[in-house]
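Written below as structure tokens is the structure these notes are about.
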Amino acid sequence: MYNKYGVSNTKIKKISKFKFLVEKTGKMRVPVLLYSADNLIKLIGKDKALEQLINVATLPGIVKYALGMPDMHQGYAFPIGGVAAFDIESGVVSPGGVGFDINCGVRVIKTNLSYKEVKGQLNKLGNILFANIPAGVGSEGKEKFGSEETKTAMRIGIAWAKNKGFAWKEDEDATEENGRMKNADPAFVSKRAIDRGKVELGTLGAGNHFLEIDRVSKIYNETVAKQFGLFKDQILIWIHTGSRGLGHQVATDYLKIMRPRMEKYRLPLIDPDFVSLPLSAPESDMYLKAMASAANFAWVNRQILTYLARLYFTSVFNESPEKLGMYLLYDVAHNIAKFEKYKINGKEKLLLVHRKGATRSFPKGHPDLRGLYREIGQPVLLPGDMKRGSYILVGNEKSLSETFGSVAHGAGRLLSRHKAVKTLTLEHVQKEMDEKNIILHAKTRRIIMEEAPEAYKDVHEVVKPIIGEQLAELVAHSEPLFVLKG
DNA sequence: ATGTGC
């Protein structure tokens, strides 16, 4: 029997315009809380995302509730768009709660160029970027590094990139965690993972990963936009990628290491994919050190792509990247588990927050933010799709009391890759790109259907629950002019 | 997502 949301045997109670609750029943330790809307929650019954989030709610040590963001859809074990925080004494860590692409994330590079200055050069710039940015499955970096160099990159993240001349001091300041998870220890990363990773630094990868040149189409908050250094018609570069084969290998390795240990801690395998271990288990600590190493690798990866973008912009506009104002707005992770402090029942507690396809959204005053962003809140980067564009928001206080400082990570898929390829045509997608004058370069024909706007939820709808519940505030919207897909 | 899956 299906209820009106299409979810079998599950009662979803609407508690406010944008909040939906699944009360604690059976083995659930906490309720499930969904940030959604009438038009979005209808999609939830179409895949196993809610069942997966209910599984998360049964895990030991979970605090308050298992959270679903408006972009939620089915993932490996945990849903994408899922957030769960665990008590460090009684809680668990789950590789599925982080995802295969460890520290998949987004960064935005600003410029001081406006649309009219770039318009005539877009074709040339696009061709140069497409020819020179390594992208696609199995792509390798322009510069390859040895195992020791790769390990240093994993240990110290952006600091390594800075030493190598790929990063500015300002880049380090504008990256979540300063681009360096302190608990990284590459000794816990397999040789196989390092061998895969050492040729992959500075590559975009495939799937939903992209490099875009966008135009700021709308400013919602003049004050914050000005503080962020954003203005109407400004040219921005968006980069979305992660830890490539290295992160994937770390996830694969630790699922294999951790799965057989679950029995010892009497953790039931609720789903064959669902691996977790108590934080007290030695394998949990090993995973977190390897995960942090892969996270640092991902930050370095996005940084080298930034270096390349600066290089090719300079080659086209004959000005240094500094003169072009190519400073990093921010870099945020959306597949990661981190130790963070929250006030729970009036007491400050250290929790392990899993963000699986969810972006951090810290407000002004948060001790983990530095410099300017401590004063105004962090930029929250929320990519949509290649036609509808992307949003830049600023973190708000309510995210700390309600969602463990988290919001959605993007529009979220609507169609599976397979379904997108089956139902859409290349001609149709190309036509809608042409109609909007968006230059699209993709490594394969297939990816164009897989990544079509129709394959995604409407990002304009996905941001509504976020701003409606004041988890973050709108600052700007940007629309693609050039899209590079792997 | 991934040196791509049935």
Side-chain angles (χ1 to χ4, degrees), chain A residues 47-49 52 71-82 94-106 134-141 144-145 147 150 189-211 239-256 272-273 275 290-291 294-295 297-299 301-302 305 332-337 354-359 383 385-386 408-422 442-451 455-456 484-486:
Chain A
D47 63 23
K48 301 226 182 294
Q52 292 182 325
D71 56 339
M72 185 169 88
H73 59 100
Q74 188 179 331
Y76 177 91
F78 273 60
I80 293 157
S94 172
V98 171
F100 275 88
D101 191 1
I102 295 165
N103 189 7
C104 188
V106 179
V137 176
S139 53
E140 297 193 354
K144 293 173 184 67
F145 302 96
S147 298
T150 307
V189 176
S190 70
K191 182 179 182 301
R192 193 175 179 189
I194 295 165
D195 285 342
R196 286 181 74 171
K198 63 189 182 186
V199 296
E200 290 176 322
L201 281 171
T203 66
L204 199 58
N208 63 356
H209 292 165
F210 63 78
L211 183 148
I239 294 173
H240 177 200
T241 186
S243 50
R244 308 281 289 105
L246 180 135
H248 195 274
Q249 192 62 49
V250 167
T252 306
D253 290 342
Y254 278 90
L255 285 167
K256 202 174 163 190
D273 292 345
V275 171
M291 183 212 73
F297 180 93
W299 274 313
N301 188 33
R302 291 197 283 277
L305 291 166
V332 284
H334 56 229
N335 276 6
I336 203 156
H354 291 62
R355 293 194 184 91
K356 162 79 167 286
T359 304
D385 61 70
M386 55 167 110
H409 83 310
R413 288 203 80 84
L414 183 60
L415 305 177
S416 69
R417 299 191 172 278
H418 181 74
K419 189 144 190 207
V421 172
K422 254 177 66 179
K443 290 284 169 183
T444 66
R445 293 162 60 87
R446 187 187 170 88
I447 209 81
I448 294 174
M449 277 84 81
E450 289 185 354
E451 292 299 313
Y456 283 88
L484 166 55
K485 284 272 184 187

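Lettering of chains follows the sequences in order, A, B, ..., and the numbering in each one begins at 1.
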- Could you walk me through whether A:Lys144 and A:Glu200 pass salt bridge (Lys or Arg N to Asp or Glu O under 4.0 Å), step by step? CA-CA 8 Å; A:Lys144 293 173 184 67; A:Glu200 290 176 322; over 6 Å; no
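- As a whole-Å value, the separation of A:Leu204 CG from B:dT2 P is 9 Å.
- Between A:His354 and A:Phe78, the angle of the ring planes stays under 30°, which puts this pair in the parallel group of the 30/60° scheme.
- With respect to the salt-bridge test (charged N to carboxylate O, under 4.0 angstrom), the residues A:Glu451 and A:Arg417 qualify.
- At least one donor-acceptor pair under 3.5 Å links the side chain of A:Asn335 to the backbone N or O of A:Gly357.
- Distance, A:Ile447 CD1 to B:dG5 C1': 14 Å, rounded to whole Å.
- Heavy atoms of A:His209 sit under 4.0 angstrom from primed sugar atoms or phosphate atoms, though from no base atom.
- Using a 4.0 Å heavy-atom criterion, one finds that A:Ala206 contacts the sugar-phosphate atoms exclusively.
- Distance, A:Arg446 CZ to B:dG5 P: 12 Å, rounded to whole Å.
- As rounded to whole Å, 21 Å separates atom P of B:dT2 from atom NZ of A:Lys256.
- Across all strands shown, A:Glu200 has heavy atoms under 4.0 Å from sugar-phosphate atoms exclusively, and none from any base.
- A:Asn103 places no side-chain N or O within 3.5 Å of a backbone atom of A:Ile336 that could act as its donor or acceptor partner.
- If you measure from atom CZ of A:Arg417 to atom P of B:dG5, you get 13 Å, rounded to the nearest angstrom.
- Using a 4.0 Å cut-off on heavy atoms, the residues of residues 95-104 of chain A that approach DNA chain B are A:Phe100, listed by number.
- With rounding to whole Å, A:Tyr76 atom OH is found 17 Å from B:dT2 atom P.
- A:Ile80 has its CD1 atom 13 Å from the P atom of B:dT2, to the nearest Å.
- As rounded to whole Å, 11 Å separates atom P of B:dT2 from atom CZ of A:Phe297.
- For A:Arg445, there are no side-chain hydrogen bond (donor to acceptor under 3.5 Å, both in side chains) partners, not counting sequence neighbours.
- Listed for the A:Asp47 side chain is a donor-acceptor partner under 3.5 Å among the backbone atoms of A:Gln74.
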